[in-house]
Amino acid sequence: MSREALALGQIRSRALRVGLWAVLGGWAALGLILGLLLGPVPIPVPEVVRILLGRWLPVGAVSDPTLAAIVWEVRLPRVVLMALAGAALAGTGAAYQGLFRNPLADPYLIGVAAGANLGALVATALNLPVTLAGRMALPMAAFTGGVLTVALVYRLARVGRGVPLTALLLAGVAVGAILNAISMGLLLGMIGRVAPHRAWIWMLGGYALGGWPSVWGALPYVAVGLGILMVLGRPLDALQFGEEQAAQLGVPVEGVKRLAIGAATLATAGAVAFTGIIGFVGLIAPHLARMLVGPRYPRVLPAAVLIGIALLALADLLGRTLMAPQEIPLTILTALLGGPFFLYLLGHARQGFWF
């Protein structure tokens, strides 16, 4: 092959990669934009632009203050919170699939969902007054429960100075089952004594605990957790060859595992504390990312984040428009949409597709 042909091939390959990333970014942006435009009260694009820019730039007066309130106080915090949750679940799902070398791994693999669920129910059982502190008690309890559960699982799985991934997985399953049983008992005990309405809504996933306080509450945890995971892309690539081979390549295996688990827990707990348990996003988005950008984790992680943002933004849009004014819980929608799609992938994937 001549040098000219080789250079032309490299240019085409680079152009395809740039185009692919542009499509992924455009898909994520489209989901967020549609979330602002559509709903029980559709708002035209020019009006949304004037509302968003009107606080900083002289773009003309907003024709209807009610529309401005809908955009700033209802839809914008909602789409931002869904974007944070989608990014967190997709990014941590991709990291766990790489860390455990398991295509079925998801963000809740080692008990964060079970711990968050129990924490939310404990906060509900306390029946705190409806103040700002009372409203934030449930997500904060869920976050604390998720983090403490993963810390307990990690401690139980530790063998000497290391943590075998198989032991971590088994400990997560066992602790998760115990905490789920406790949660069910606590939920039954609350019936007739405390109305567990908020806990039920939280468990079904969605925007029930939304608003700007939830956005600012989730943002630092999701940003820090995902930022750390992005740095771990190359070590996760090395771990695909096994821990011994990764160590021979100079990867501090135990340190990478601790950092990945800690960052994934931080991002996942920070997201689900304010949106509830939302399934399938963290399972499907990484596989879609691999289909599009290949198996390298420095590419899979950011691609999964963009896909997760788009998936959850669009799912949330469907949930609040299909049966408006009644909202469909996100857990139901993601399972109904994600389950068949995942089965389709299983049926049509080639042998050895994921790893």
Side-chain angles (χ1 to χ4, degrees), residues 85 87-122 141-184 203 205 221-222 224-226 228-229 232 235-236 239-240 242-243 246 253-273 275-287 297 300-301 304 308 331 354-355:
L89 295 175
T92 55
Y96 273 159
Q97 288 173 12
L99 182 65
F100 289 93
R101 300 192 297 280
N102 185 338
L104 297 179
D106 72 354
Y108 311 133
L109 185 65
I110 56 175
V112 67
N117 191 31
L118 180 58
L121 287 172
V122 169
F143 175 82
T144 303
V147 171
L148 291 179
T149 298
V150 174
L152 174 63
V153 169
Y154 189 89
R155 180 66 184 86
L156 292 174
R158 189 163 186 168
V159 178
R161 295 184 178 181
V163 178
L165 293 176
T166 302
L168 189 66
L169 178 60
L170 293 176
V173 171
V175 172
I178 294 171
L179 295 186
N180 283 332
I182 296 173
S183 296
M184 290 299 102
M203 291 164 65
Y221 302 111
V222 174
V224 171
L226 288 181
I228 293 173
L229 291 178
L232 295 178
L236 287 174
L239 282 173
Q240 304 315 299
E243 294 186 17
V253 174
E254 293 303 323
V256 168
K257 288 194 291 186
R258 286 194 297 269
L259 198 56
I261 292 169
T265 301
L266 197 66
T268 303
V272 303
T275 62
I277 308 299
I278 301 172
F280 273 101
V281 174
L283 184 64
I284 292 177
H287 292 301
Y297 276 90
V300 168
L301 287 167
T331 296
W354 285 293
F355 292 96

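Each residue takes its place number in the sequence, starting with 1.
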query = Just by modelled atom types, is the R101 backbone N or O under 3.5 Å from a matching donor or acceptor in the Q240 side chain?
reply = no

inquiry  = What's the separation between atom CG in L118 and atom CD1 in I178, rounded to the nearest 0.5 Å?
reply    = 12.0 Å

request  = Please confirm whether the backbone N or O of I278 pairs with a side-chain atom of Y108, one donor and one acceptor, at under 3.5 Å?
outcome  = yes

remark   = Of all heavy-atom pairs linking A246 and L239, the shortest is CB-CD2, 3.9 Å

query = Taking C-beta and beyond as the side chain, do I261 and Y96 meet within less than 4.5 Å on heavy atoms?
reply = yes

Gap between atom CG of L109 and atom CG of L283 - 0.5 Å precision = 10.5 Å

query = Do N117 side-chain atoms and A113 backbone N/O form a donor-acceptor pair below 3.5 Å?
reply = no

inquiry  = Side chains of L169 and L165, heavy atoms from C-beta outward: is any pair under 4.5 Å?
reply    = no

remark   = Note: G111 and T149 closest approach over all heavy atoms is O-CG2, 3.2 Å

remark   = Distance col, row R155:CZ vs L148:CG, nearest 0.5 angstrom, shows 15.0 Å

inquiry  = Looking at Y297 and G98, would you say the former's side chain and the latter's main chain have a donor-acceptor pair under 3.5 Å?
reply    = yes

message = Given 3.5 Å as the limit, does a donor-acceptor pair link the side chain of T268 with the main chain of T265, or not?
response = no

L236/L301 under side chain to side chain contact (heavy atoms under 4.5 Å, CB included): CA gap, chis, key distance, verdict = CA-CA 10 Å; L236 287 174; L301 287 167; 4.3 Å; yes

inquiry  = Testing the basics here: between V300 and P286, what is the closest heavy-atom pair and its distance to 0.1 Å?
reply    = CG1-O, 4.3 Å

ask   = Yes or no on side chain to side chain contact (heavy atoms under 4.5 Å, CB included) for I182 and L179, after CA distance, side-chain angles and deciding distance?
value = CA-CA 5 Å; I182 296 173; L179 295 186; 4.3 Å; yes

request  = Grab the two heavy atoms, one from A94 and one from A304, that are nearest each other, plus how far apart they are.
outcome  = CB-CB, 4.2 Å

task = Output the distance between atom OG1 (T92) and atom CG (D106), rounded to the nearest 0.5 Å.
result = 8.5 Å

note = Smallest heavy-atom separation, N180 atom then A114 atom, equals OD1-CB, 3.6 Å

key: Heavy-atom pair of closest approach, residues A88 and A267   = CB-O, 3.6 Å

query = Rounded to the nearest 0.5 Å, what separation is found between the CD atom of E254 and the CZ atom of R158?
reply = 8.5 Å

message = I110 vs F100, test: side chain to side chain contact (heavy atoms under 4.5 Å, CB included). Steps then yes/no.
response = CA-CA 11 Å; I110 56 175; F100 289 93; 3.9 Å; yes

request  = Find out whether L266 and F143 are in side-chain contact, i.e. whether some heavy atom of one side chain is under 4.5 Å from a heavy atom of the other.
outcome  = yes

ask   = After noting the C-alpha distance and the side-chain angles of L168 and Y154, does the key distance pass the side chain to side chain contact (heavy atoms under 4.5 Å, CB included) rule?
value = CA-CA 6 Å; L168 189 66; Y154 189 89; 4.2 Å; yes

